[in-house]
Amino acid sequence: MTIKKPLMVTIQPFTCKPSCIANRDKYKERQKTLKFEFSIDKDSEFIEFDKSLIDWSDDLQYITIYIGYKMNIRYIRITQTAEWPLYFKYINIYQRKFPYLIVATRIDGFGSRIFALLNAMYLAFKLKSKYGFTWNSILNSPKSINELDEKYIFTQDYLKKYSYTDSVIHRSFPRFSFYGSFQELEYYPTERYGFYMPNNQPLNKHFTDFNDNEYRACLNKSFYDIGFNDSIKNAIDIAKKLSDEFGEFECIHIRNGDCIDELINFILRSDVNGRIFPLELVNILLNKLSNNKTIVLFSPDNSADLICDIIKNKSIINSANLFATQTAHELNSIEHIVFDLVLMSKSSAIYSRKATTYSLLASYIGNTKLEYIDNLFDKNEIISLIKTSYLDYSDNRFKIAKFAYLIYIMMQNNHPDLETTVLDGYNQTDFGIFLAEYLSYLLKNKSIDKANFFIKKLNSIDINNMFKYLNPQNQNQ
């Protein structure tokens with residue numbers, strides 16, 4: 001059987017439903033003997049769709065043909081290959097409403113998940129497609145994410161339209177890896193369901209015709225188009241109101257004790273250490289910035305509280321205390337995260353470490369200048385300043401953060417005081433991973449004699465503490 005009327009169909013990546021077939025109830029299985037072919041114009045030969053691309057619905061009422069890239073088709077031919085009759089009532093041919101579905105699939109922190117969602121929204125805008133997201137709690141998700149299900153973050157209508165939590169795989173790898181122009185992306189082979197979007201960084205490196213101003217404007221609009229629930233929208237509105245009252249202000253995003261709580265076994269790994277912002281470094285930065293500017297401190301732990309108590313400057317404000325001045329409502333974890341994100345995005349400058357996605361996201365939402373503290377000081381200068389800085393606090397997490405920061409940058413530069421700093425950090429914190437990582441550092445650099453000499457300095461308790469962290473079974477992988 002052949003469709004006689006010429007038909008121009010543009011089949012784009014993802015799912016195409018070219019056949020809705022109504023047959024009589026008996027012998028439905030016979031429909032699977034049909035052959036489906038296409039031709040690009042009247043003079044071209046017909047080419048059969050590979051059977052691996054064809055899926056029949058459970059009730060055999062329609063088929064779905066999965067095409068991995070954009071195609072222009074003039075004719076579709078459906079041929080009966082068996083001898084028995086099929087008793088068709090009708091055959092309808094459809095084209096998908098959207099050529100792609102781009103689904104954000106991050107499984108880690110809120111900032112990373114929202115950045116991936118905004119990237120999915122941006123690609124959907126560029127490709128005139130549909131976006132969606134997954135939002136699940138997994139064992140390794142941060143505590144703030146595990147506390148709340150998506151139904152407590154987004155409206156029911158938004159979830160109905162855009163949530164694929166129950167139908168699409170949640171993953172952060174592999175990343176969206178395309179490189180080329182947006183037009184070339186339309187012909188880029190995709191996975192069966194379009195594109196996964198686990199990327200939590202700007203997409204500028206993926207496109208030759210990328211427009212940064214357009215991207216930032218799209219992310220700003222898209223963020224406020226997300227269907228957050230009423231309580232989160234209220235937190236957003238209060239952040240906007242406060243930013244108007246402040247006028248111009250700068251902010252510092254401090255990651256410290258929270259990294260120690262959640263990622264303690266990985267604090268000398270670059271992607272984790274690159275988030276740590278020791279209290280001593282915050283104090284040094286504040287001394288550099290002090291010109292009676294309003295500076296708001298953001299931290300997911302009590303780092304900002306400690307700094308404000310130590311410095312006692314009315315121009316330096318802890319963001320955690322701001323929401324309470326506007327309402328009696330107590331923020332839950334996600335509301336607080338969104339409140340901080342929006343307020344941070346309204347600042348004139350954000351100071352942070354390089355590996356924090358959250359401050360990067362705020363800078364793109366608000367088109368705000370982002371300054372990495374790593375670029376403001378010479379490495380040797382900052383080591384000297386931190387080692388000679390004294391802040392009075394007892395929380396061991398902040399001591400661990402300080403020495404983790406120092407030891408990491410000393411390792412990168414083969415600093416002559418590295419071993420002294422490792423031993424000092426261990427003695428002040430009783431944190432055996434400093435010993436383990438230093439020994440690993442010596443062995444990687446083939447400093448065997450130095451490694452033997454270092455081990456001889458340690459007593460049995462030190463050795464046990466060190467090997468506890470060298471044992472893979474004790475790592476939170």
Side-chain angles (χ1 to χ4, degrees), residues 201 254-257 259-260 263-285 287-288 351-357 371-391 396-459 461-472 474-477:
Q201 297 289 311
I254 309 167
R255 299 289 305 275
N256 225 330
C259 293
I260 308 305
L263 298 162
I264 191 166
N265 287 341
F266 309 109
I267 59 170
L268 289 176
R269 200 174 70 185
S270 61
D271 60 324
V272 177
N273 193 273
R275 307 174 199 178
I276 295 174
F277 205 139
L279 298 183
E280 290 79 5
L281 188 54
V282 178
N283 190 38
I284 291 165
L285 177 61
N287 288 331
K288 184 181 179 71
Y351 296 90
S352 78
R353 292 296 311 285
K354 281 187 175 180
T356 168
T357 304
E371 294 276 9
Y372 290 126
I373 186 70
D374 310 71
N375 299 333
L376 298 180
F377 299 93
D378 174 78
K379 290 290 187 294
N380 288 325
E381 176 191 12
I382 203 63
I383 290 170
S384 176
L385 287 170
I386 291 177
K387 293 191 74 162
T388 55
S389 174
Y390 175 75
L391 295 180
N396 200 48
R397 295 176 306 160
F398 300 139
K399 294 179 182 178
I400 291 173
K402 167 189 171 180
F403 282 102
Y405 176 86
L406 283 174
I407 290 169
Y408 180 82
I409 58 176
M410 285 181 164
M411 283 181 173
Q412 306 313 303
N413 298 280
N414 196 24
H415 197 279
D417 293 338
L418 173 58
E419 183 169 311
T420 301
T421 304
V422 167
L423 292 171
D424 190 23
Y426 171 69
N427 290 331
Q428 289 192 36
T429 65
D430 199 34
F431 190 45
I433 199 170
F434 291 148
L435 305 179
E437 289 289 348
Y438 180 59
L439 180 59
S440 176
Y441 166 83
L442 292 175
L443 295 175
K444 284 178 182 177
N445 286 280
K446 299 181 180 179
S447 301
I448 307 302
D449 291 340
K450 198 169 185 179
N452 287 328
F453 185 72
F454 172 71
I455 291 173
K456 290 177 182 178
K457 291 184 179 181
L458 307 178
N459 59 38
I461 296 175
D462 300 335
I463 296 290
N464 287 335
N465 280 338
M466 179 175 66
F467 278 102
K468 181 171 67 174
Y469 290 98
L470 286 175
N471 184 351
N474 293 321
Q475 304 300 309
N476 298 327
Q477 304 256 4

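Computed from a prediction, not measured in an experiment: that's the story for all the values here.
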Smallest separation among heavy atoms of [X] and [Y], with atom names:
X: R275; Y: C259; value: CB-SG, 4.0 Å
X: I276; Y: A404; value: CD1-CB, 4.3 Å
X: P278; Y: A401; value: CG-O, 4.0 Å

>> Under the criterion side-chain contact (heavy atoms from CB on, under 4.5 Å), I'd like the reasoning laid out for L458 against L423: C-alpha separation, chi angles, the key distance, then a yes or no.
In response: CA-CA 10 Å; L458 307 178; L423 292 171; 4.3 Å; yes
Note, [X] side chain near [Y] side chain (heavy atom, < 4.5 Å):
X: R269; Y: V272; value: yes
X: N396; Y: I400; value: yes
X: T421; Y: M410; value: yes
X: L443; Y: L439; value: yes
X: S352; Y: Y372; value: yes
X: L418; Y: P416; value: no

>> Using the side chain to side chain donor-acceptor pair (under 3.5 Å) criterion, which residues pair with T429? Sequence neighbours excluded.
In response: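 T429 satisfies side chain to side chain donor-acceptor pair (under 3.5 Å) with no residue once adjacent residues are dropped.
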Interatomic distance, [X] atom [atom1] to [Y] atom [atom2] [nearest 0.5 angstrom]:
X: E419; Y: I407; atom1: CD; atom2: CD1; answer: 11.5 Å
X: Q412; Y: N273; atom1: CD; atom2: CG; answer: 8.0 Å
X: S440; Y: E437; atom1: OG; atom2: CD; answer: 5.5 Å
X: L406; Y: I383; atom1: CG; atom2: CD1; answer: 6.5 Å
X: L279; Y: S389; atom1: CG; atom2: OG; answer: 9.5 Å
X: I264; Y: I433; atom1: CD1; atom2: CD1; answer: 7.5 Å

>> How about CD1 on I448, more than 12 heavy atoms from neighbouring residues, nucleotides or ligands closer than 6.0 Å, or not?
In response: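 Enclosed: over 12 neighbouring heavy atoms sit under 6.0 Å from CD1 of I448.
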> Do K387 and E280 sit within salt-bridge range, that is, some charged N less than 4.0 Å from a carboxylate O?
Replying inline: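 E280 and K387: not salt-bridged.
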> Among all residues two or more places apart in sequence or in another chain, which pass the side chain to side chain contact (heavy atoms under 4.5 Å, CB included) test with L376?
Replying inline: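 Side chain to side chain contact (heavy atoms under 4.5 Å, CB included) list for L376, sorted by chain: L285, Y351, E371, I373.
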>> I need the full list of ring pair (Phe, Tyr, Trp, His ring centres under 6.0 Å) pairs touching residues 423-446, with sequence neighbours left out, sorted by first then second residue.
In response: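 Listed once each, the pairs are F431-F434, F431-Y469, Y438-F454.
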> Which pairs pass ring pair (Phe, Tyr, Trp, His ring centres under 6.0 Å) with one or both residues in residues 401-422, sequence neighbours excluded?
Replying inline: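 The answer is none; no pair qualifies.
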>> Can you list everything that forms a salt bridge (Lys or Arg N to Asp or Glu O under 4.0 Å) with D417? Sequence neighbours excluded, please.
In response: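 Counting only residues at least two positions away or on another chain, D417 forms no salt bridge (Lys or Arg N to Asp or Glu O under 4.0 Å).
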> Short question: side chain of T388, backbone of L385 - any donor-acceptor pair under 3.5 Å?
Replying inline: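 Side chain of T388 to backbone of L385, a donor-acceptor pair under 3.5 Å: yes, one is there.
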> Any sub-3.5 Å donor-acceptor pair from N459's side-chain atoms to I461's backbone N or O?
Replying inline: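 At least one qualifying donor-acceptor pair exists.
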>> Going by side-chain hydrogen bond (donor to acceptor under 3.5 Å, both in side chains), D374 matches just one of K354, K379, R353. Which one?
In response: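 By the side-chain hydrogen bond (donor to acceptor under 3.5 Å, both in side chains) criterion, D374 pairs with just one of K354, K379, R353: R353.
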> With sequence neighbours left out, which residue pairs that include part of residues 440-451 fulfil the salt bridge (Lys or Arg N to Asp or Glu O under 4.0 Å) condition?
Replying inline: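 Salt bridge (Lys or Arg N to Asp or Glu O under 4.0 Å) check on residues 440-451 returns no pairs.
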